[in-house]
Every structure is written in C-alpha cells, then in structure tokens.
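Letters A, B, ... mirror the listed sequences (proteins, then strands); counts begin at 1.
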Amino acid sequence: MVDFKDKSEVKFSEAAQKEIERYISHYPADRKKSAVLPVLHIAQAEFGGWVSPAVQDKVAEILGIEPIEVYEVATFYTMFNLKPVGNYVLEVCRTGPCMLRGSDQLIEHIENRIGCKVGETSPDGMFTLKTVECLAACGMGPMLQIHEDYHENLDPEKVDKLLEDLRNKAAVKQSN
Amino acid sequence: MGLKILTEHINVPGIETYETYRKMGGYRSVEKALKTMTPDEVVEEVKKSGLRGRGGAGFPTGMKWSFLAKPEGKPRYLVCNADESEPGTFKDRVLMEKIPHALIEGMITSSFALGARTSYIYIRGELMFVLRILEKAIAEAYANGMLGENILGSGYSLDLHVHPGGGAYICGEETALLESLEGKRGNPRNKPPFPAVWGLYGSPTVVNNVESIATVPWIVNNTGDEYAKIGVGRSTGTKLISAGGHLNKPGVYEIELGLPVEEFLYSDEYCGGIWKGRKFKAVVAGGSSVPILPAELFLKTAEGVPRVMTYESLSEGGFVSGTMLGSGGFIAMDDTTCVVRNTWNFARFYHHESCGQCSPCREGTGWMEKVLHRLEHGHGSMHDIDLLVSISKQIEGNTICPLGDAAAWPVASAVRHFREEFEWHVRNPQEATKPGAVFNKSEAVLA
Ligand SMILES: Cc1cc2nc3c(=O)[nH]c(=O)nc-3n(C[C@H](O)[C@H](O)[C@H](O)COP(=O)(O)O)c2cc1C
Ligand code: SF4
Ligand code: FES
C-alpha cells in the first residue's frame, strides 16, 4: 500500500510530471485549477489506486490552490478512492440496463469468488469490489471496469477467467 | 438500408486513423467552411438543417448557436458534451471510439462557425481509453494542419483539448459540466444567465452533444436543405439509437428519423426482436429519464396510430400515454422483467447522482428510493404507491436543474402504467420477493 506522511514525500515520476504540465497548458494561465480532475486521475494511477490526503495536498500545491479546493472535488466525484484499495479495483455496473442482463447475479458471483462484499477488499488484498452506475456500455452488459479497461458481455465463466488472469499477472509482477 | 450519415464508414478498417478517414472523404467540411464560407453562413446552414440537439433535450442547434453572445474582448468557447452517463445511452462512446475524427472534424467546423479559438471535449472520466483514442486523433489532426495556427492557410486558428470528468452523472447537465471543467464540484448553476452569455470562465459558450457536433460536417458538405429532407417534419436527419436490454441484437443503430418503431424493434436490420423468444413487456425509449411505456402503448398510440421514431410521435399522448425520444437510449424489457425492481434501480441511480443542492431533489430522490426498496422487498403498503406519486409531483418543476424531473418521471410513469404490478407486490409479499418472481397479469386476474 502506498502512503505518505505528508506532501513533501509525494514525488511524481518524470512521465507523470510531463503529463501534468501538458494538462495545465490546456487552460488559460490564470485557470490552472481547471486541471484538478486530470491531475487527480494521474495521481491516483501513480500512487496505488487511491488519493490520500498527502497526495491531495500535493495536487493543491502543484495547481496553486487551497487544499480544501482539492478535497471538495475529490469527495464529489466517485472515481477517486479515498481509502487504500487492492491491486485491482473491480467496478461492476449495477444500473437498470445491466441489471436486465444479469448484473445482480454477476456481482454475487464475484463476491463469492473473491471472498468479500461490495465496498470491501478481498482478504488477500488482491481485489477491491465496487459497484458503479451506468458506464455507457449498456448494450454490452453485464460489464465491469478494471482501471482503464472495459470488460463486456460477461458471464460467470468469463469472469472466472478474468480473475485468474489478474492473479497470474500479479504473481508475475511480484516475482520480478 | 437507411441512409447513414455518421456511421457510413464505421466498419472501414483503419477508420480511426487520419489517413483512412481523410481517404473516405473526411475533413472536407473543414476545407469548405474555412476556405469558402463565413462563420455566419455555416450557422445559417445548421439552422436550415433543422438539426436538434442529440444530448436529450432536442433543442435546435442552429438556434442555440445564433444566441451566442459576441461581446468585444472576450473569448468564446465551444464545449462538447461527451459525458454520456444517461443509463441506456452508449452511442457517443461508440462513435468516438470507432471514428474519433468525425467528432474532431465537427469540432473544427463548429468552432469556426462560433468564432471559438479554444475548444474542449469534456468526456466522462471512466472512458479514459476513449480519451486516449481522441488524443491520438487530435495529434494527427495537428500534424496534418487541421488544428493549430492558421488552419489550411485560412487565417483561422484553433486549439482543441480533451478533459476527463471524475464520475458524476450530473456533469452531463451543461452548467454542471462547465463548473466541472473549471475544476469545481459539478453543481448546476442557476439560470439565467445561460451559457450563451455566461459560460466557461464567464465567457459566452455553446455546449453541444457529441452526435450533434459530429453531424455538422455532413450539413456543411451537403447543405442544410438536404439534411432537412431526411426525416419527418420537425424531426430531421438521422439519429443514433443505443439499443439495450432484452434484445436479440443490442448495439448502436443509426436510423432515419421517421422509422416505424415496429421495424426498429423487430427487423433484423436493427434490434432483431426480443431475446430468447420471449414477449415484449415494456420499454424505456429514450434513456432512463423518460417515462416507461407498456409494449402496446409504445407500438401504437392510445388512439391506435402506429408510432414512428420521431420526437413528436414518441411524445404523442403527453405524459398520460406517451414518452420521449430523449437521448435515444432504448431499453427493451421482456415479460420476465419486474417493473418495481427496475423502477427501484433507477430511483437509486438518481438518488446516488443528485448533487444535493436543492432539497426537493436531494430528499425526494432518497425518499423514493426508500419507498421503492420497501415495495420491492415485500414491506410496502398500498399507501406507499400513492406516496410515490405524491413525492414525484413535489420534485417535478421545483428544482434548479432537470435532474429532479428526470428522477420523477420514471417513477410516476411506472406507477401510472403498472399500478397492478405494484399492488401485487403489496398483496403478495412472499410471492413477490422470491428470486425471479414476476407479476403475471392474466394469472392475477384469475386469482
Ligand atoms: C442530469 C442531466 C444529464 C445530462 N447528461 C447529458 C449527457 O451525458 N450528454 C449530453 O450530451 N447531454 C446531457 N444533458 C443535456 C445537456 O444539459 C445539454 O442540454 C446538451 O449537452 C446540449 O447539447 P445538444 O443541444 O447538442 O443536445 C444532460 C442534462 C441533464 C439535466
Ligand atoms: S435538481 Fe438535483 S441534481 Fe439538479 S441541482 Fe438540484 S439537487 Fe442538484
Ligand atoms: S447500465 Fe451498465 S453500462 Fe449502462
């Protein structure tokens, strides 16, 4: 789990810094605050899938705004995780059109497979399970998102395969 | 096969690249507009086309453009609404993912018409993979002189950027979107002033849906009059429909407005009928915000007139027996669908997505969700059914933005058309809470 004592410990990689600069350049010079959502996304991807208070403070510093201006944004938008998460965050769409095509059953199946409920992280720390609202994939439901990837037209077998692949991927990462 | 304006080349291999898109005739509207037309002439063509906003409200695009204020010394902005979060809708995403240049071409031609020098595409943050596709395509457009300084030697310059949201349906509402683009919480603004006067950073701004903007190139290339010949009456042109739910062939279909609903639902060119050989029970025809209709009232109006896919035909009968075309999110339900459960699911969505600024919406959506949860889980009373109607009436029209109405209509219409099913849940709580249990009208009448 990535965490920091305070913002002085938060160091973005060079690639991330470049990406942040690129976003900031998209807005008028006196409107740097506009970059808060893109920069929070970059920060979340950079520091273990969540934005800790120290990370949010760092974002405020980069954009030259008050920390509270970042907190109020980070808490409003559901994509930002305010608590530590597992290696993989499974975000399953639970909205009507996906429900019609079996998302309730899919969620239950995943809970059983990874051994935790919606909103929790699996005991092995591998998966965090979240439900989310419509992800603009209704015709391809049921579906879920893992980080940037969409996985669509799911059924129990496909999900099992997906979870296994992720476990293997994590094992390879660890042994390297 | 109906005419395809937006999706004609969607399956051409490599169409996501500048080279192939250009080979298929892409970016001609930029050449034509920037080299041979004035901005006002472009606006005039869009007005003549009768194009209506494809984001849901159906407001005429040309008219919206002509309202844009042009004060001295202030920049003007075009912001594309690619937030696409209305349950049932996934057309913008498919269009951007497959033919990113269609939107970029539309953004350039439209920005020229409006006199914008910097434009933004606000895309929902979950679609980060689509954002990357768009950014790649934008880089190609810059490299080929379609964006940046002095485009095609016309003297017109434009910068185009993509901005990710953070996961909030309300940011699809145009003033919430602008707040969000300014780096704030997505709280809708009080109107007036409208964005045409006070939009992004306090400057005059037009917000348009992806599909609306992607249609502009065809109008510029072929004239507004030609576009207006497609479709029926005030529903001109083609429309992307996101077809989902219990269909044999879910997907995104481009239809000519005026297509008979029966053909859309049953023909193999489109949805291919209800899946698993089941019966058609109900439909939400234009995204989760529009009233639900039972199958009979969708196929034919209360007067027995077969409906067609137009703004007017779908709303025939008003709220008593009609619905709306909305964003074109078509959600079909077969006869195993529990309307109470579905209504509860949507109520939960609106409660979750309410920004919380106005009490009728914040409290009302939560209350409706609670009551529907109770009904669906076998603890409801007959009084609860009327309570739902009464709450929905207290929300409707009493809020800052239309999310309140959008939350109220699905509930009010479900009770209006499926009251017996709600009552069955109250009378038979044990039966109704069994997994997969569904109210069956004919059996209920016998019982
Ligand atoms: C709660 C709410 C959500 C909305 N979501 C979207 C959306 O995801 N995409 C969209 O284009 N318009 C959405 N709209 C409509 C926009 O406010 C606006 O009318 C539209 O973007 C204008 O573009 P158009 O005229 O081209 O349709 C939404 C409106 C409301 C009230
Ligand atoms: S109607 Fe609902 S979503 Fe819209 S401003 Fe009011 S509280 Fe927010
Ligand atoms: S309802 Fe699941 S993606 Fe739309």
Side-chain angles (χ1 to χ4, degrees), chain A residues 22-23 25-28 30-42 44-45 59 63 65 69-80 91 93-101 103-105 108 130-141 143 145 147-150 152-153, chain B residues 75 84-94 118 120 124-130 132 159 161-169 171 180-187 201 242-247 249-252 284 288 329 331-334 337 341-343 345-346 348-349 352-353 355:
Chain A
R22 190 175 71 85
Y23 268 109
S25 76
H26 291 174
Y27 314 98
D30 58 343
R31 299 286 184 171
K32 264 170 107 172
K33 177 173 171 164
S34 271
V36 64
L37 286 174
V39 175
L40 279 170
H41 281 299
I42 295 167
Q44 177 154 297
V59 170
L63 297 177
I65 57 181
E69 295 178 86
V70 178
Y71 305 160
E72 60 180 15
V73 165
T75 52
F76 183 85
Y77 296 92
T78 55
M79 286 183 75
F80 302 111
E91 299 179 286
C93 173
R94 68 176 189 181
T95 315
C98 274
M99 183 181 75
L100 292 174
R101 298 180 74 89
S103 60
D104 285 350
Q105 293 81 345
E108 207 181 309
K130 278 170 83 174
T131 52
V132 294
E133 301 291 358
C134 181
L135 290 178
C138 325
M140 295 73 97
M143 59 84 62
Q145 173 162 32
H147 303 171
E148 287 191 16
D149 298 325
Y150 274 27
E152 300 173 330
N153 294 307
Chain B
E84 195 166 60
S85 313
E86 170 96 351
T89 314
F90 51 100
K91 63 182 177 87
D92 297 336
R93 170 230 160 158
V94 169
T118 306
Y120 296 96
R124 59 179 303 175
E126 293 90 341
L127 292 177
M128 203 57 88
F129 66 100
V130 180
R132 299 199 194 286
D159 282 312
H161 307 296
V162 195
H163 180 100
Y169 166 67
C171 290
S180 181
L181 187 47
E182 292 182 1
K184 302 178 205 152
R185 297 165 74 97
N187 288 339
Y201 309 133
S242 318
H246 297 150
L247 295 169
K249 291 176 59 198
V252 174
V284 175
S288 62
I331 311 163
M333 300 174 198
D334 71 19
T337 308
R341 188 171 184 80
N342 202 69
T343 309
N345 182 297
F346 281 161
R348 181 178 68 181
F349 170 82
H352 185 260
E353 300 300 333
C355 84

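Of the residues considered (B/Ser85, B/Pro75, B/Ser180, B/Gly244), B/Ser180 shows the highest number of contacts with chain A, using heavy-atom pairs under 4.5 Å. Looking only at heavy-atom pairs under 4.5 Å with chain A, the residue among B/Glu84, B/Lys184, B/Glu86 that has the most is B/Lys184. Between chain A and the options B/Gly125, B/Gly166, B/Pro250, the largest number of non-hydrogen pairs under 4.5 Å is found for B/Gly166. Looking only at heavy-atom pairs under 4.5 Å with chain B, the residue among A/Ala35, A/Cys98, A/Pro28 that has the most is A/Pro28. No other option in B/Ser242, B/Gly245, B/Ala243, B/Cys171 has as many heavy-atom pairs under 4.5 Å with chain A as B/Gly245. Ranked by heavy-atom pairs under 4.5 Å with chain B, the list A/Ala137, A/Gly141, A/Gly139, A/Cys93 is led by A/Gly139. With chain A as the partner, the residue from B/Gly165, B/Gly329, B/Gly251, B/Ser288 showing the most heavy-atom pairs under 4.5 Å is B/Gly165. Among A/Met99, A/Glu69, A/Lys32, A/Arg94, the residue making the largest number of heavy-atom pairs under 4.5 Å with chain B is A/Arg94. Between chain B and the residues A/Thr78, A/Asp104, A/Val36, the most heavy-atom pairs under 4.5 angstrom are made by A/Thr78. The candidate from B/Arg132, B/Lys249, B/Arg124, B/Met333 with the greatest count of non-hydrogen atom pairs under 4.5 Å with chain A is B/Arg124.
Between A/Cys134 and B/Phe90, the closest side-chain pair of non-hydrogen atoms is not below 4.5 Å. Taking the side chain as every heavy atom from C-beta outward, B/Arg185 and A/Thr75 approach each other to under 4.5 Å. In this structure, the side chains of B/Tyr201 and A/Arg31 come closer than 4.5 Å at one or more pairs of heavy atoms. Within the 4.5 Å cutoff, no side-chain heavy atoms of A/His147 are placed close to those of B/Met128. Counting heavy atoms from C-beta outward, A/His26 and B/His163 have side chains that stay 4.5 Å or more apart.
Heavy atoms of B/Tyr120 lying under 4.5 Å from chain A belong exclusively to its side chain. For a residue to count as touching a neighbouring chain, one of its non-hydrogen atoms must lie under 4.5 Å from one of that chain's; by this rule B/Leu181 touches chain A with backbone and side chain alike. Only the side chain of A/Gln145 comes within less than 4.5 Å of a heavy atom of chain B; its backbone N, CA, C and O stay farther away. In this structure, no portion of B/Val252 lies under 4.5 Å from any heavy atom of chain A. Contact annotation for A/His41: only side-chain heavy atoms (C-beta onward) come within less than 4.5 Å of a heavy atom of chain B.
Between the side chain of A/Tyr27 and the main chain of B/Glu182, no donor-acceptor pair closer than 3.5 Å is present. At least one donor-acceptor pair under 3.5 Å links the side chain of B/Arg93 to the backbone N or O of A/Ala136. The closest donor-acceptor contact from the side chain of A/Asp149 to the backbone of B/Phe129 lies at 3.5 Å or more, if one exists at all.
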- Message: Test side chain to side chain contact (heavy atoms under 4.5 Å, CB included) on B/His352 and A/Thr131; report intermediate values, then the result.
- Response: CA-CA 12 Å; B/His352 185 260; A/Thr131 52; over 6 Å; no

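The two residues A/Thr95 and B/Phe349 come nearest to each other via the heavy atoms CG2-CD1, 4.2 Å. Nearest approach of B/Phe346 to A/Gly96, heavy atoms of both residues: CE2-CA, 3.7 Å. Annotation for A/Phe76 and B/Gly186: closest pair CE2-N, 3.1 Å, computed over non-hydrogen atoms. In terms of heavy-atom proximity, A/Tyr150 sits nearest to B/Leu127 at OH-CD2, 3.3 Å. In terms of heavy atoms, A/Cys138 sits closest to B/Gly88 at SG-N, 3.3 Å.
The residue from B/Leu247, B/Asp334, B/Asn342 that alone fulfils the side chain to side chain contact (heavy atoms under 4.5 Å, CB included) condition with A/Leu100 is B/Asn342.
A/Glu108 CD: 12 or fewer foreign heavy atoms inside a 6.0 Å radius.
Ion pairing of A/Lys130 with B/Glu126 is absent here, as no side-chain N (NZ or NE/NH1/NH2) approaches a carboxylate O to less than 4.0 Å.
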